[in-house]
Amino acid sequence: MDVPAERPTRTAGPHPHPAARHAAGSRRRRPTGEPPPLPHHLQTSGVRWLVATLVLVVLAVVVFARGLQGLAVDVAVFDAAVVGWLGGIDLPGFQALMRGLAALCSWWVLNPVAYGLIVVLLVLRRFRHLIIWLVLTNLLSNFGGGIIGPVTQRPRPFGAEIREGWGGWAMPSLHVTFFAAGLVTMLYTLVPEGRWRNLGKWVVTALVALTAIGRMALGADGPSDVLVAVALGVTIPLLAFRWFTPNEVFPITYRRGSGAHLDVAGPGRGHPPRAGGSARPGGDRGQAVRTGRIGRLHPPADHRRRRPPGAAVRQAVRPEPPALGPLVQAGPGAALRPAGGREGVSTC
């Protein structure tokens, strides 16, 4: 039967499963040739931090932008009362402990940690994380010290003796801001996702809270200054790393991928491989053994198995079983049976 030339003919072949077609279509590149966009996941905690930070910043600007009048006076009185109560605690070793906690966020500690983090990210070749960290430091400095500070013009707590380093306006506390931002950055650039990162979040929370208490006890910051500083120092790095370095694309890991299943018995142990990659005697049916040099996937394995580093490694490959084996005739007039033991398919 003749088929017109302009009508396409349908060739016989297996139809792919709809799920397979969908998966293949989702991995296609865009018409412009650019790679697919990054998966952006702020998660519920990220959205909550963002909303809380926006509320705190707006309230700070609304309350303190007009100077010390109205509600700003009440907030200043509350801050002075909390700072005075912490500074009046007279316990053995309490002042020394507060100085030690406040020293964690001093510039003598923050600057070496910031430069050290740059070196570590360079060594680990995490350049995207490094760029984000450099942008964050400038963004926090300009937004916190250059915009919020001059707008709110918050003074230091009234009636308190300042016994810790300070400079500029009180809101936000730049020491606490950069301390929190540095800890969050180390959490999302050096700690793998999962149990260790979740544990690290509690450690970061405790360190930031204790450091903030230390600075308030020494009269350098008030509670409202610390609250805005923590919100900025946590939210901005958190959203930046979750948005620009999602863990699905830029995972934090220190292990190399596991290699293939290898037969490392060596030529002197077990059954020697046959020439041409034939099956090993007594092995699994359809399992071939190929001898050759492959990449050193796990060099310590040679030491544990006491093998010389240069020994050949045999790789076992199990091919797909054939749909129908070759037909073998048992005898004259007998049914033809496939090699796998199936029933005859035709007779002579």
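Side-chain atoms are counted along with the backbone in the values below, which use heavy atoms only and exclude waters and symmetry mates. Since the model is a prediction, treat every value here as computed from it, not as a measurement.
With hydrogens and angles disregarded, a donor-acceptor distance shorter than 3.5 Å links the side chain of Arg128 to the backbone of Phe244. Of the possible donor and acceptor atoms, none in the side chain of Arg215 sits under 3.5 Å from a partner among the backbone N and O of Arg99. Between the Ser141 side chain and the Thr137 main chain, no donor and acceptor come within less than 3.5 Å of each other. For Asp225 (side chain) and Gly222 (main-chain N/O), a donor-acceptor pair under 3.5 Å exists by modelled atom type.
The CG atom of Leu174 sits 13.5 Å away from the CH2 atom of Trp169 when rounded to the nearest 0.5 Å.
Residues Val191 and Met186 have side chains not in contact (no heavy-atom distance under 4.5 Å, counting atoms from C-beta outward).
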Does Leu239 form a side-chain contact (heavy atoms from CB on, under 4.5 Å) with Trp49? I'd like the steps, not just the answer.
CA-CA 9 Å; Leu239 299 183; Trp49 275 104; 5.9 Å; no
The test is side-chain contact (heavy atoms from CB on, under 4.5 Å); show your working for Thr189 and Leu121 and say whether it passes.
CA-CA 8 Å; Thr189 59; Leu121 293 179; 3.8 Å; yes
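Ser224 and Arg154 share a donor-acceptor pair across their side chains, judged by distance under 3.5 Å alone.
Every residue meeting the side-chain contact (heavy atoms from CB on, under 4.5 Å) condition with Ser45, not counting sequence neighbours, appears here in chain and number order: Gln43, Arg242. The salt bridge (charged side-chain N to carboxylate O under 4.0 Å, His left out) check on Arg156 picks up Asp221, with sequence neighbours excluded.
Centroid-to-centroid, the aromatic rings of Trp107 and His175 come within less than 6.0 Å.
Checking Ile131, Thr245, Ile132, Leu190 one by one against Arg126, the side-chain contact (heavy atoms from CB on, under 4.5 Å) holds for a single residue, Leu190.
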